[in-house]
Amino acid sequence: MGLLQRAAAVVMLLASAGGIQAVQSGPAQAALPTAAVVLGDSFVSGEGAGDYLPVVDASGTAQAFPGWSAANSNAYFCHRSANASVFTASLPGIQQRFNLACSGAQPADIAAPSSARAEGRAVASQLDQLRAVAQTHDIDVVLVGLGSNNTQFTFGDVATLCANRFIADAWTGWWEFWAYLKGEVPQQPCTAADLATDAEVAAATAETTAALRQILDTLAQIDADGAHQVILQTYTNPLPPELAQQYHEEDGRADTRDKFRALGAERYAAGCPIHRASLAPGHVFSQNLGSLVRNAYTTLAAERPAADLRVLDVQRAFDGARLCENPGSPAGALATPVRVQDGPSGTFITSLSGWDKIGIQRAANTCVTYFQTCQESWHPNAAGHTVLGQCLAGAVAAAPRTIVTCARNANGTLTIS
């Protein structure tokens, strides 16, 4: 045995006996580039903010805009916007940003393909997508927006319910309602119980907490250095506690009267087809979503005292700039107005003035058949995501294991505390 062979044999023997540490040959492995990742649903994917990026579907094919009449299950309709808050936020030290959220996502979509449930989209589970990112990047920030859609209720259904009741009330007289429609189209304002009962919120909290637990478990497995912030974002209501005086009545008719088409058209054009009496229940619903996220945080923080968990509370981030909060809406608002199309035409209806109830029903049916034609409604717009990006930057800069509140002031500045 030659000298070099004997030396190699000794090294192998010592290594097998634990006498030395493994010797790394060649240059040290280069550090992976850092990344911020977004997981969750429409409020973090960028729904409503435009400039939607192609989305890789479950088969590995990047789906660009497939046309308005395509199946809503198409991955593109996850609506991952280049204007989403993760892209607008100042995140020092972050070299790359990945948006893995999907509009309409539910807690089950975290660990299972979205297509595994009814009305899901053809994308891989968000955890599988997260694992793919971890192969090439060091994940340092994870923004999660989850809870507004679940097996109990969804934001889209809640919004559709209240808007449809208002429109039906505005265009259909009481005599038509009972004589011809036989009471099949509810017209009364929404109540808090219509939107989500306490039992439903409790069940949704359990679902969301379980999904967040799966995210934390996966991060512990795939993030090599173990150092990452997980920021749980709440939701913000696109509508104010009260409409501006301009939208209280039109032609002497308020929304407490029978058939008020001019007022219905005015509020639709402004982006807020809603009964004034539905606003307070809507804010109760928003507050429940905030409590859902905070309660999930409390549970997980107790379970994992070493985890860097934070809550980003954005419920007041749009104060003073919500739809119909000021005259001239939707100009200056931070949320997208309710908009539908008359068939999957790509042309949004901005005025219902002069429309009869048959035309209204036709447009409403377009939303049902081709949900992508109306799914942007009542989501943060590009300006809104710029605000949310500032909120996110504040949460990233905050101390670990804190609840960060981001509130908009009367002058348009933000207070992050």
Side-chain angles (χ1 to χ4, degrees), residues 42 47-48 72 103-104 119 148-149 152-174 176-178 180-197 200 237-239 243 247 250 253-286 323-324 329-330 335-344 348-379:
S42 58
E47 180 71 81
N72 189 252
S103 185
E119 299 181 356
S148 70
N149 307 307
Q152 307 299 306
F153 53 81
T154 71
F155 172 78
D157 287 345
V158 166
T160 299
L161 174 72
C162 297
N164 281 352
R165 286 188 177 190
F166 172 79
I167 293 296
D169 196 13
W171 264 265
T172 306
W174 66 267
E176 297 169 297
F177 180 66
W178 291 109
Y180 298 103
L181 299 178
K182 297 180 173 58
E184 294 174 0
V185 182
Q187 299 183 2
Q188 66 273 24
C190 286
T191 67
D194 289 326
L195 307 185
T197 64
E200 289 171 335
N237 195 315
L239 300 174
L243 305 181
Y247 307 110
E250 186 63 47
R253 285 182 175 263
D255 61 22
T256 54
R257 294 282 301 272
D258 175 54
K259 192 184 289 187
F260 40 89
R261 292 186 178 184
L263 178 61
E266 181 180 40
R267 287 192 193 165
Y268 175 86
C272 57
I274 191 82
H275 289 97
R276 289 174 62 199
S278 295
L279 293 172
H283 279 269
V284 171
F285 177 72
S286 296
L323 289 161
C324 299
S329 181
T336 55
V338 167
R339 290 291 179 260
V340 295
Q341 298 178 17
D342 192 5
F348 290 103
I349 301 168
T350 58
S351 173
L352 293 178
S353 181
W355 284 59
D356 61 24
K357 60 182 179 292
I358 301 302
I360 296 286
Q361 185 62 56
R362 185 178 65 244
N365 287 340
T366 297
C367 181
V368 173
T369 306
Y370 307 97
F371 184 64
Q372 60 271 18
T373 61
C374 64
Q375 71 180 43
E376 293 179 302
S377 300
W378 282 350
H379 284 83

*Contact summary for R253 and K259, nearest pair of heavy atoms*: NH1-O, 3.1 Å
*asked:* So does T172 get a backbone contact from the side chain of R261, meaning a donor-acceptor N/O pair under 3.5 Å?
replied: no
*Which atoms form the tightest heavy-atom contact between R339 and A269, and what is the distance?*
NH2-O, 2.8 Å
*Compute whether any side-chain donor of one residue and acceptor of the other, for T160 and D157, lie under 3.5 angstrom apart.*
no
*So how far is it from E119 CD to N149 CG, rounded to the nearest 0.5 Å?*
10.5 Å
*Determine whether Q187 and F166 make a side-chain contact, defined as any pair of heavy atoms from C-beta on separated by less than 4.5 Å.*
no
_By the salt bridge (charged side-chain N to carboxylate O under 4.0 Å, His left out) test, which pairs, at least two apart or in different chains, include something from residues 262-283?_
E242-R276, D255-R267
*asked:* How close do F155 and W378 get, counting heavy atoms only, and between which atoms?
replied: CZ-O, 3.4 Å
*To the nearest 0.5 Å, tell me how far L279 CG sits from L239 CG.*
6.0 Å
*For the atom pair CG (L195) and SG (C162), what is the distance rounded to the nearest 0.5 Å?*
4.5 Å
_Checking side-chain polar atoms at under 3.5 Å, does E47 have a donor or acceptor matched by the opposite partner on S103?_
yes
*Over all heavy atoms of both residues, which pair between A265 and W171 is shortest? Give the atoms and the distance, please.*
N-CH2, 3.4 Å
_Under the rule for salt bridge (charged side-chain N to carboxylate O under 4.0 Å, His left out), what residues qualify as partners of D342, not counting sequence neighbours?_
R362
_Main-chain N/O of I349 paired to Y268 side chain as donor or acceptor, under 3.5 Å_ = yes
_Any side-chain to backbone donor/acceptor pair from S278 onto P189? Under 3.5 Å, distance only._
no
*So, Y247 side chain and A270 main chain: donor-acceptor pair closer than 3.5 Å or not?*
no
*asked:* If you compare all heavy atoms of P337 against all heavy atoms of L323, which two are closest, and at what distance to 0.1 Å?
replied: CA-CD1, 3.9 Å
_Student check: side-chain heavy atoms of N72 and Q375 closer than 4.5 Å_ = yes
*asked:* Please report the interatomic distance CG(D169) to CZ(R257), rounded to the nearest 0.5 Å.
replied: 12.0 Å
*Side chain to side chain, Y370 and Q341, heavy atoms closer than 4.5 Å*: no
*asked:* As an exercise, state the distance from OG1 of T256 to NE2 of H275, rounded to the nearest 0.5 Å.
replied: 9.0 Å
_Would you call the rings of F285 and F153 parallel, tilted or perpendicular, taking 30° and 60° as the class edges?_
perpendicular
_Considering all heavy atoms, the nearest C367-T373 contact_ = CA-OG1, 3.9 Å
*Do V340 and T366 touch side chain to side chain, with heavy atoms closer than 4.5 Å?*
no
*Answer whether the closest heavy-atom distance between the side chains of D194 and P281 falls below 4.5 Å.*
no
